[in-house]
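As the structure is a computational prediction, the values presented were derived from the model and not from experiment. In what follows, chains are A, B, ... by sequence order, proteins preceding strands, each numbered from 1.
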Protein chains: 2
Amino acid sequence: MTTNRRSGPHRPATIPDVAREAGVSRSTASRALADYGSVSPEARERVRAAAQKLGYRPNQLARSMITGRTHTLGAVVADIQNPFFAGVTRGITDAARAAGYQVLLANTDEDPAAERAAVKTLRDRHVDGLIVSPASTTDTAHLTAAHTGGCPVVLLDRRVPRLDLDSVTVDNHGAAQDAVRRLLAVGHRRIALVSLVGNDAADDPVDPGSTGLARMAGYRAALREAGIDDTGTYLRTGAFHGQDPALLARDLLDSPAPPTAVFATDSLVALGVLSAARELSLRVPEDLSVITFDDTDWARAVRPRISVVAQPVQELGAQAVRALIARVEGGTHPPEHTTLPTEFIERESVARARNRA
Amino acid sequence: MTTNRRSGPHRPATIPDVAREAGVSRSTASRALADYGSVSPEARERVRAAAQKLGYRPNQLARSMITGRTHTLGAVVADIQNPFFAGVTRGITDAARAAGYQVLLANTDEDPAAERAAVKTLRDRHVDGLIVSPASTTDTAHLTAAHTGGCPVVLLDRRVPRLDLDSVTVDNHGAAQDAVRRLLAVGHRRIALVSLVGNDAADDPVDPGSTGLARMAGYRAALREAGIDDTGTYLRTGAFHGQDPALLARDLLDSPAPPTAVFATDSLVALGVLSAARELSLRVPEDLSVITFDDTDWARAVRPRISVVAQPVQELGAQAVRALIARVEGGTHPPEHTTLPTEFIERESVARARNRA
DNA sequence: ATGAAAGCGCTAACAG
DNA sequence: CTGTTAGCGCTTTCAT
């Protein structure tokens, strides 16, 4: 049995077939079809007609082998099931398609080894470039190797200090600072930050990653601005309680001098805060004001509706694609670090501070 | 400038390089590397060593051109941002990777034209097979064409009546029937079904798709079983109110003889029901019992926690991958239709019926 | 068990 | 503007 020559009536037409049908040479047919070089209008028309008639579809594999381009991008993210990455991925696939690229998807679950493996497999598949939300701040040799090896890499959502690669991130510091300022503005002084530590529900109990760090820094900056020097008392980074946000929050809210407002660094944490509040019979926002990162479906459906810091998730993905394609298509400019603004969406979960027993 | 021959110190090693280094012919090197045919143990070892030394990585493109296999699967889903499809996609990518395949992702937004385009592009990319959650029950010619054209297709989540392709779906009828039975069992008689119509928040206001249809049929069957013949009064398929679930629910709950229990066909609808209930000062579950499809994060974090019909989302994707790979690797058995069971997770949103004013 | 040679479908130098 | 001629990197008969 021949391996790849389709038997049966409809063997896919190839360039020689089209050329024969059009009465020109393969090169001319190729030029006409791929639209490069110079071809006389009439020849071009004959080729187009022949291709049409034979139902010719170019073999991208063969083309890629020559051009060295597959028009395929690799997306290496932590977990597509995380709404944040789902949105980002949506932005990536849409922007890629619009630019004529397809996307190979890989999940890492924040595991650097899985990330390395994914990068390797995708490079073996000859992706033209890689979009990665790095799982580690230190284990990044495979990323630089890819980049210098001709497979450009764009960092998504997380910046890595000494890595000179393009990055597209969100202004986490500013967003957190702004949110906390709003709480301060309505009289809150005992403001907590609750986080699961790490990047969006990461497993790593040590490394808060660039996003977590930035959010904490923004929180502290806002407090300091307001003359609050002790910025650590109400900072909860959840390496305890087996990462259960509700327990973490309960512990915090049930303490002697509980906070009057909570800033949650992601929506899962916010859910924990909300249910802890309900268990302790604290009303939101009367007894406790709440702001969270990420505008999920439930934040605007629940009562009271929750005020949030919305991240431009799709735009994040789209910008990463644009930056990457710029590199793929030859850009040699110095690394660009794009920071996207967040949007504060005011709803009903924040009230003026008042005393609690 | 030569197009594809990498300049610089590290031109990727090819088979000839390895063969030379090992002192054998290309064919032998190829056989040893790809592990087929017969190669003497010593030669094999020399080749392995040479490959190792030169950091040889096989060019999958070239290999694919010959073997006709890319070890790449295409996943064509409605919307990766929908938690249902996010979970399914997670299952797909994981199962694929475990079997040595990668996944190209495409979104359709329930648009048949987008689906056709995606199928075309993916086939051009020579995917070995396609997993599709079809956007239309009728516009499916491109699917059969792909399948008979050597690119096997597995239907995901939705079955299409006259399409003889493998399918992996969930027992929507049984799940709905079971949920409604539970409501009947605790005394409810006025039980509503609220749906956005169509498959998981589809745009199409006409075609409820196989999943929507099955859920409604299960609902009606349960009612009929209980001797309730009028199964249409409390059936709301949301082609009104601009698809806003909260308005739909409000309308329903604010009627003269409102239902005492609601079965929501997806979590977004449930959120609408919940907020409508709160606006009307109806307590859950005392005044209104609620069950919804899909076990989202908020369903178990909110108070009261919501009883749900959980779908095996990841398993759905994984099974589809297995079925597809079976075809890709030559299976010629008749189409298989796999139906996965759902799981009812009892929490606190259902109470015994009592009279309402 | 091994090597020589053919070729997958396409593009890209280079002549004409 | 067009055709001829080489390959891309790999697998796979077919001899040996």
Answer whether the closest heavy-atom distance between the side chains of A/F85 and A/N107 falls below 4.5 Å. no
Any side-chain heavy-atom pair from B/R125 and B/T121 closer than 4.5 angstrom? yes
Kindly state each residue pair satisfying side-chain hydrogen bond (donor to acceptor under 3.5 Å, both in side chains) with at least one member in residues 51-64 of chain A, sequence neighbours excluded. A/E21-A/K53, A/R57-B/D124
To the nearest angstrom, how far is B/N59 atom CG from C/dC8 atom C1'? 13 Å
A/I66 CD1 to D/dT5 C1', straight-line distance once rounded to whole Å: 13 Å
Nearest heavy-atom contact between B/V18 and B/L33 is CG1-CD2, 4.4 Å
Could you state the atom-to-atom distance from CG of B/L61 to P of D/dC10 in whole Å? 11 Å
Applying side chain to side chain donor-acceptor pair (under 3.5 Å) to A/Q102 and not counting sequence neighbours gives none
Nearest-0.5 Å distance that lies between atom CG in A/D109 and atom CG in B/D94: 7.0 Å
Would you say a side-chain N or O of A/R63 is under 4.0 Å from OP1 or OP2 of C/dC10? no
Any pair counted as ring pair (Phe, Tyr, Trp, His ring centres under 6.0 Å), so long as it reaches residues 101-140 of chain A, sequence neighbours left out: A/H71-A/Y101
When the distance from CD1 of B/I15 to C1' of C/dA4 is rounded to whole Å, what number comes out? 15 Å
Whole angstrom value for the distance that separates C1' of D/dC1 from OH of A/Y36: 13 Å
Look at all strands and tell whether B/S30 reaches a base, only sugar-phosphate, or nothing, counting heavy atoms closer than 4.0 Å. base
Could you pull out all residues at least two apart from B/S167 that satisfy side chain to side chain donor-acceptor pair (under 3.5 Å)? B/R159, B/H337
Return the value, rounded to whole Å, for the distance between atom CZ of B/R125 and atom P of C/dG9. 19 Å
Could you list, one pair per line, each protein nitrogen or oxygen that sits under 3.5 Å from a nitrogen or oxygen of nucleotides 2-4 of chain D, together with the distance?
| from | atom 1 | to | atom 2 | distance (Å) |
| --- | --- | --- | --- | --- |
| D/dT2 | OP1 | A/S40 | OG | 2.7 |
| D/dT2 | OP2 | A/S40 | N | 2.5 |
| D/dT2 | OP2 | A/S40 | OG | 3.3 |
| D/dG3 | OP2 | A/S25 | N | 2.9 |
| D/dG3 | OP2 | A/S25 | OG | 3.1 |
| D/dG3 | OP2 | A/T28 | OG1 | 2.7 |
| D/dG3 | N7 | A/R31 | NH2 | 2.8 |
| D/dG3 | O6 | A/R31 | NH1 | 3.3 |
| D/dT4 | O4 | A/S27 | OG | 3.0 |

Nearest whole angstrom, please: distance from the C1' of D/dC1 to the CZ of A/R46. 13 Å
salt_bridge(B/E315, B/R322) N-O dist < 4.0 Å: yes
Rounded to whole Å, how long is the line connecting atom CG of B/D124 with atom P of C/dG9? 15 Å
How far does the helix from C/dA1-D/dT16 to C/dG16-D/dC1 bend, going by the axes of its first and last five pairs, to the nearest 10°? 40°
